[in-house]
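Structure first, commentary second.
Side chains are part of it too, since the values below use all heavy atoms of this structure and drop only hydrogens, waters and symmetry mates. Throughout, a chain's letter reflects where its sequence line sits, starting with A, and its residues are numbered from 1.
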Protein chains: 2
Amino acid sequence: MGEQVFNITELAQEFDITTRAIRFYEDQGLLEPERAGQRRIYNRRDRVRLMLILRGKRIGLSLLEIRELFALYDAAHDDAPQLQEFIRILERKELQLLTQMEDIKVVLTEIGQLRGQCEKALGKRANGHNQEKEL
Amino acid sequence: MGEQVFNITELAQEFDITTRAIRFYEDQGLLEPERAGQRRIYNRRDRVRLMLILRGKRIGLSLLEIRELFALYDAAHDDAPQLQEFIRILERKELQLLTQMEDIKVVLTEIGQLRGQCEKALGKRANGHNQEKEL
DNA sequence: GTTGACGTTGACGTAAACGTCAAGTTATCG
DNA sequence: CGATAACTTGACGTTTACGTCAACGTCAAC
């Protein structure tokens with residue numbers, strides 16, 4: 001039983017991106033699918049990489065950073081200085097992500113408060129004056 | 001006792017951005033500082049706005065989105081349809097942020113695992129073969 | 001055998017978010 | 001008064017992450 005494979009449009013549809021984007025990721029060295037003639041053939045590993053690329057993007061990584069992480073991860077198994085470098089990058093990224101989560105939490109609670117105020121204003125109109133605080 | 005004010009370089013230094021960036025935010029309609037002649041004078045409200053801009057950017061908002069949120073928030077106090085629109089935008093953003101937090105959590109745990117593996121590999125070298133799983 | 005449907009490689013275009021001069025203005029210090 | 005520093009407004013350049021053709025290959029179907 002051969003491994004499961006995908007073509008470029010299947011992946012594009014599954015992840016709701018364009019084929020152009022997928023080819024671009026390949027240009028940037030993030031994917032290296034096999035070829036059947038000139039057609040690209042993606043296996044499960046390629047599909048996982050694509051998922052990681054998209055998740056990386058969602059959390060604000062650039063394609064270059066994602067490629068560096070891939071490369072370091074690939075090399076990290078047998079090269080000690082690479083491992084150290086890998087750990088450093090991960091730690092920096094971890095701090096960034098923690099900050100980002102803090103920001104998100106703050107904004108989420110603010111959103112909650114604002115929505116509450118809005119709905120209150122919609123409920124009881126003409127409530128006189130609104131308190132002009134900061135902003 | 002007059003209100004506390006700042007000039008552009010003070011704000012740039014405080015938030016570790018360039019003056020060019022601050023002027024750019026003004027070009028995009030995100031800031032409207034007073035002028036003393038041609039020099040820009042920022043008050044506490046401007047400073048708060050700048051903080052909000054930077055936080056918005058950190059969580060992945062575009063400057064356009066930030067401007068829209070500012071505008072809607074300003075108008076939302078006395079216009080009902082604006083309020084509804086404001087609430088819709090906030091709800092969409094809330095969903096995005098929740099997804100983003102999920103992604104971040106996943107990546108953080110993965111980072112933790114990877115770092116653990118790396119440190120283990122650095123501790124006991126030449127551990128034979130590494131298991132080639134997915135990726 | 002030709003007609004689509006799908007895929008491919010360039011090449012060029014684009015939007016966002018600034019960076020980088022250039023050239024002028026204003027404030028201040030000696 | 002002149003020099004210097006700080007600020008100003010354009011104008012153009014740059015990077016990232018693709019979009020958008022154009023022109024060509026290929027393979028099954030009619």
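With salt bridges taken as basic N to acidic carboxylate O contacts below 4.0 Å, none links A:Arg49 and A:Glu32.
Scanning for salt bridge (charged side-chain N to carboxylate O under 4.0 Å, His left out) contacts around B:Glu102 gives B:Lys105, with sequence neighbours left out. The salt bridge (charged side-chain N to carboxylate O under 4.0 Å, His left out) search around B:Glu10 returns none, not counting sequence neighbours. Legend: residues meeting side chain to side chain donor-acceptor pair (under 3.5 Å) with A:Thr99, ordered by chain and number and at least two apart, are absent. Every residue two or more places apart in sequence or in another chain was checked for a side chain to side chain donor-acceptor pair (under 3.5 Å) with B:Arg39, and none qualifies. Checked against side chain to side chain donor-acceptor pair (under 3.5 Å), A:Thr18 has no partners two or more places apart in sequence or in another chain. Among residues two or more places apart in sequence or in another chain, the salt bridge (charged side-chain N to carboxylate O under 4.0 Å, His left out) test is passed with A:Glu34 by none. With sequence neighbours left out, the salt bridge (charged side-chain N to carboxylate O under 4.0 Å, His left out) criterion links B:Asp46 to no other residue.
Side-chain N/O atoms of B:Tyr25 include one lying less than 4.0 angstrom from OP1 or OP2 on C:dC18. Phosphate proximity of C:dA16 to B:Lys57: absent, as no side-chain N or O sits under 4.0 Å from OP1 or OP2.
Atom-to-atom, CZ of A:Phe24 to P of D:dT20 comes out at 15 Å; the value is rounded to the nearest Å. Taking atom CG of B:Asp27 as the reference point, atom P of C:dC18 lies 12 Å away to the nearest angstrom. For the pair A:Arg58 CZ and D:dA17 C1', the computed distance is 17 Å after rounding to whole Å.
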Based on Watson-Crick and G-U pairs with both distances under 3.5 Å, what dot-bracket line describes DNA chain D 5' to 3', crossing pairs as [ ] and inter-strand pairs as |? ||||||||||||||||||||||||||||||
Do nucleotides 6-12 of chain C as a string where each nucleotide becomes B, S or -: B if the base has a protein heavy atom under 4.0 Å, S if just the sugar-phosphate does, - if no protein is that close. BSBB-B-
Enumerate donor-acceptor pairs with a distance under 3.5 Å from any side-chain N or O in residues 50-68 of chain B to protein atoms, sequence neighbours excluded.
from    : atom 1 : to       : atom 2 : distance (Å)
B:Arg55 : NH2    : A:Glu110 : OE1    : 3.4
B:Arg55 : NH2    : A:Glu110 : OE2    : 2.8
B:Arg58 : NE     : A:Asp103 : OD2    : 2.5
B:Arg58 : NH2    : A:Asp103 : OD1    : 3.1
B:Ser62 : OG     : B:Leu64  : N      : 3.4
B:Ser62 : OG     : B:Glu65  : N      : 3.1
B:Glu65 : OE1    : B:Ser62  : N      : 2.9
B:Glu65 : OE2    : B:Lys93  : NZ     : 2.9

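Shown for residues 59-66 of chain B: residues whose heavy atoms fall under 4.0 angstrom of DNA chain C, namely B:Ser62, B:Leu63.
Listed by first then second residue, pairs satisfying salt bridge (charged side-chain N to carboxylate O under 4.0 Å, His left out) with a partner in residues 15-27 of chain A read A:Glu26-A:Arg35, A:Glu26-A:Arg40, not counting sequence neighbours.
Taking every heavy atom of both residues into account, B:Tyr42 and B:Leu11 meet most closely at CG-CD1, 3.5 Å.
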